[in-house]
Amino acid sequence: MDNSWCTIESDPGVFSTMLRELGVKGVQIEELWGLDKDAVLSLNSPLKAIIFLFKYDPVIVKKTHENSKISNDSKIYFAKQIINNACATQALINAVMNFSDTEQAESNQFSLGNLLTSFKTFTNDFPSDAKGETLSNSEEIRKTHNSFAKQTVFEID
């Protein structure tokens, strides 16, 4: 059984569809080209989360992650990334896990769905590294992620 996570296309449409296939309802991913008022107002729906993409530099990552710990008593849901090739999926899941339970109850539009609700309930009291490890071992989430792998003429071993 292959437990690897494939590289997927960095595209808002792919990300929105992936979340729907994971069971999330009422979320649309859009690209934001700036953080000024006009850019935010140009979105088609309320802004709930921002995912920043940056070039990976091992030295910078090591420095920025040395002292960064999210305590278990934090209200922020955070699964530390353990998986290679799944940074977007990881960021999307971390983002939607932080939409409030009240928001779900009051809105007939947003829902985490069964899979991610069960995953959140199971991992909620785990430390961030254990949440990340549990996510990396989720066959259902991995299969959904991998279903969005770019189709190539030749596979490189």
Side-chain angles (χ1 to χ4, degrees), residues 1-35 37 39-54 56 61 65 68-152:
M1 171 170 56
D2 184 16
N3 290 331
S4 64
W5 292 68
C6 300
T7 302
I8 63 171
E9 186 176 356
S10 182
D11 177 83
V14 167
F15 299 152
S16 294
T17 303
M18 182 190 317
L19 284 175
R20 277 195 300 278
E21 290 194 13
L22 288 170
V24 178
K25 291 182 176 68
V27 173
Q28 178 176 319
I29 308 302
E30 296 184 39
E31 270 185 296
L32 186 61
W33 292 96
L35 293 176
K37 185 177 180 179
V40 174
L41 290 175
S42 73
L43 297 174
N44 294 323
S45 55
L47 180 64
K48 297 290 187 180
I50 297 176
I51 298 171
F52 291 99
L53 302 177
F54 62 92
Y56 177 82
V61 170
H65 287 74
S68 67
K69 295 200 188 268
I70 296 182
S71 66
N72 283 348
D73 59 345
S74 172
K75 299 266 189 238
I76 297 172
Y77 185 95
F78 177 71
K80 182 177 178 182
Q81 185 169 345
I82 308 288
I83 312 161
N84 289 326
N85 298 328
C87 54
T89 300
Q90 182 93 30
L92 292 168
I93 289 173
N94 276 330
V96 297
M97 293 295 209
N98 283 293
F99 293 177
S100 72
D101 294 332
T102 307
E103 202 167 18
Q104 281 193 71
E106 293 174 354
S107 170
N108 58 357
Q109 293 181 343
F110 173 72
S111 170
L112 267 180
N114 293 334
L115 174 63
L116 293 184
T117 297
S118 295
F119 186 85
K120 183 177 181 180
T121 300
F122 179 69
T123 61
N124 206 39
D125 293 328
F126 290 8
S128 62
D129 55 341
K131 287 175 184 170
E133 190 66 38
T134 306
L135 178 59
S136 75
N137 290 317
S138 171
E139 188 174 334
E140 199 166 355
I141 294 172
R142 181 185 48 78
K143 280 183 177 180
T144 302
H145 166 91
N146 285 349
S147 73
F148 290 92
K150 287 184 180 181
Q151 298 299 316
T152 58

Name of the residue among Leu92, Leu112, Asn124, Thr123 meeting side-chain contact (heavy atoms from CB on, under 4.5 Å) with Met97: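 Passing option: Leu112.
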Kindly give the heavy-atom pair with the smallest separation between [X] and [Y], and that separation in Å.
X	Y	result
Ala39	Ser42	O-OG, 2.6 Å
Trp5	Ala86	CE3-CB, 3.6 Å
Ala95	Ala49	CB-CB, 3.9 Å
Leu35	Val40	O-CG2, 4.2 Å

Distance in Å, [X] [atom1] paired with [Y] [atom2], rounded so as to fall on 0.5 Å steps:
X	Y	atom1	atom2	value
Ile141	Leu135	CD1	CG	5.0 Å
Leu116	Phe99	CG	CZ	11.5 Å
Lys80	Ser136	NZ	OG	12.0 Å
Phe78	Asp129	CZ	CG	10.0 Å
Thr134	Phe122	OG1	CZ	6.0 Å
Phe15	Glu9	CZ	CD	8.5 Å

Under 3.5 Å donor-acceptor, [X] side chain and [Y] backbone:
X	Y	result
Asn85	Cys6	no
Asn98	Ile76	no
Asn146	Ser4	yes
Ser16	Gly13	no

Kindly list each side-chain donor-acceptor pair under 3.5 angstrom involving residues 18-29, sequence neighbours excluded, with atom names and distances?
unit_1 : atom_1 : unit_2 : atom_2 : d
Arg20  : NH2    : Thr17  : OG1    : 3.2
Gln28  : NE2    : Glu30  : OE2    : 3.3

Listed partners of Asn137 passing side chain to side chain contact (heavy atoms under 4.5 Å, CB included), at least two apart: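 For Asn137 the side chain to side chain contact (heavy atoms under 4.5 Å, CB included) partners, ignoring immediate neighbours, are Glu133.
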